[in-house]
Amino acid sequence: MNLFWENVYVQTAANYSVVILCGGLFLVIFELVTKYKNWEEIQKGNVAVAMATGGKIFGISNVFRFSIEQHDGLFEMIGWGFYGFALLLIGYFIFEFLTPKFNIDDEIQKDNRAVGFISMVISIGLSFVIGAGITN
């Protein structure tokens, strides 16, 4: 049975499956902390929401990329992925806190593409910083 789990194809499929499930869960959590409904806004053509959501998807995936590279065990990879997601979420709240003149969620919901773009770049940028910190 050990040979089964050591097979590179099985490991890849396991990592892929876990990242898809965790990514879905994390997107649900992001949806709960924003004032708008991501997929409803995207369906309406809200580009700012699409950029912000795309940045979150990229950020989550990138954190897991680093986690997969640095950790052999599936549960260790998941643990670091959850930790990385928590840091991304904290980064989202810090971004909101550092912009007291306007509300990030309100601006993104109004399709303010400049705010959506900055939100996307922050998620992507933080994912690289978080990923660099995920080491054995």
Side-chain angles (χ1 to χ4, degrees):
M1 187 71 166
N2 251 358
L3 290 176
F4 177 77
W5 290 108
E6 292 174 8
N7 183 302
V8 68
Y9 297 112
V10 172
Q11 288 177 348
T12 300
N15 289 338
Y16 174 80
S17 301
V18 166
V19 171
I20 293 293
L21 292 172
C22 289
L25 172 66
F26 297 158
L27 285 175
V28 167
I29 293 169
F30 268 125
E31 179 122 5
L32 292 173
V33 300
T34 57
K35 294 179 181 176
Y36 51 86
K37 300 291 182 209
N38 292 320
W39 304 111
E40 287 177 15
E41 292 294 324
I42 290 169
Q43 188 176 21
K44 292 182 206 173
N46 188 324
V47 176
V49 171
M51 287 190 290
T53 304
K56 292 169 187 170
I57 292 168
F58 184 97
I60 292 165
S61 299
N62 198 38
V63 165
F64 272 104
R65 177 187 80 86
F66 282 102
S67 184
I68 290 167
E69 280 182 347
Q70 296 297 321
H71 302 96
D72 292 332
L74 189 63
F75 292 111
E76 190 176 11
M77 180 273 289
I78 293 169
W80 280 103
F82 269 81
Y83 180 67
F85 168 73
L87 293 175
L88 277 176
L89 193 59
I90 291 168
Y92 171 81
F93 290 123
I94 291 171
F95 176 43
E96 183 78 53
F97 177 75
L98 292 176
T99 55
K101 291 188 178 194
F102 59 90
N103 183 285
I104 300 299
D105 282 349
D106 290 342
E107 293 300 316
I108 290 174
Q109 188 173 15
K110 291 185 221 172
D111 201 13
N112 183 333
R113 294 174 187 181
V115 176
F117 179 76
I118 292 298
S119 177
M120 177 183 74
V121 171
I122 287 173
S123 293
I124 291 170
L126 285 178
S127 75
F128 280 101
V129 173
I130 293 164
I134 297 176
T135 58
N136 284 328

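One-based numbering along the sequence shown.
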Within one Ile-Leu-Val-Met-Phe-Trp-Tyr cluster: Phe75 and Phe82, side-chain cutoff 4.5 Å: yes
4.5 Å side-chain heavy-atom contact, Phe66 and Phe128: yes
Side chain to side chain, Val19 and Ile68, heavy atoms closer than 4.5 Å: yes
Main-chain N/O of Asn46 paired to Asp111 side chain as donor or acceptor, under 3.5 Å: no
Phe117 atom CZ, neighbour heavy-atom count above 12 within 6.0 Å: no
Atom OH of Tyr36: over 12 foreign heavy atoms under 6.0 Å: yes
Connected-component partners of Val8 among ILVMFWY, side-chain separation under 4.5 Å: Tyr9
Fellow cluster residues of Val129, listed by chain then number, with links counted only when side-chain atoms sit under 4.5 Å apart: none
same_hphob_cluster(Leu21, Val10) at 4.5 Å side-chain heavy-atom cutoff: no
Atom pair CD1/OG of Ile122 and Ser127 - distance to nearest 0.5 Å: 12.0 Å
Criterion side chain to side chain contact (heavy atoms under 4.5 Å, CB included) on Thr34 and Glu41, from CA distance to verdict: CA-CA 12 Å; Thr34 57; Glu41 292 294 324; over 6 Å; no
Side chain to side chain contact (heavy atoms under 4.5 Å, CB included) assessment of Val63 paired with Leu88: CA-CA 9 Å; Val63 165; Leu88 277 176; 4.1 Å; yes
Aromatic ring pairing Phe30/Phe85, orientation class (parallel under 30°, perpendicular over 60°, tilted between): perpendicular
Under the salt bridge (Lys or Arg N to Asp or Glu O under 4.0 Å) test, residues paired with Lys37 that sit two or more places apart: none
Inter-residue atom distance Gln70.CD - Arg65.CZ, 0.5 Å rounding: 9.5 Å
Same apolar cluster: Ile20 and Leu25, side chain cutoff 4.5 Å: no
Single-linkage hydrophobic cluster Val28~Ile60, side-chain heavy atoms < 4.5 angstrom: no
Gly131 backbone acceptor or donor facing Asn62 side chain under 3.5 Å: no
Spacing of CD belonging to Glu96 relative to OG belonging to Ser119, to within rounding of 0.5 Å: 9.5 Å
Contact check, side chains of Phe26 and Phe64, non-hydrogen atoms, under 4.5 Å: yes
Check: Leu126 and Leu87 side chains under 4.5 Å, non-hydrogen atoms: no
Spatial distance of atom CG (Leu27) from atom CD (Glu31) [nearest 0.5 Å]: 8.5 Å
Considering all heavy atoms, the nearest Gly116-Met51 contact: O-CB, 3.8 Å
Student check: side-chain heavy atoms of Thr53 and Trp39 closer than 4.5 Å: yes
Exam field: side chain Ser67 to backbone Met77, donor-acceptor pair closer than 3.5 Å: yes
Over 12 non-hydrogen atoms of neighbours within 6.0 angstrom of CZ in Phe58: yes
Pair His71-Ile134, side chain to side chain contact (heavy atoms under 4.5 Å, CB included): steps then yes or no: CA-CA 9 Å; His71 302 96; Ile134 297 176; 3.1 Å; yes
Close aromatic pair by centroid cut-off 6.0 Å: Phe97 and Tyr92: no
Verify same cluster id: Phe102, Ile118 (apolar side-chain graph, 4.5 Å): yes
Heavy-atom pair with the smallest gap, counting every atom of Asn38 and Val49: O-CG1, 3.6 Å
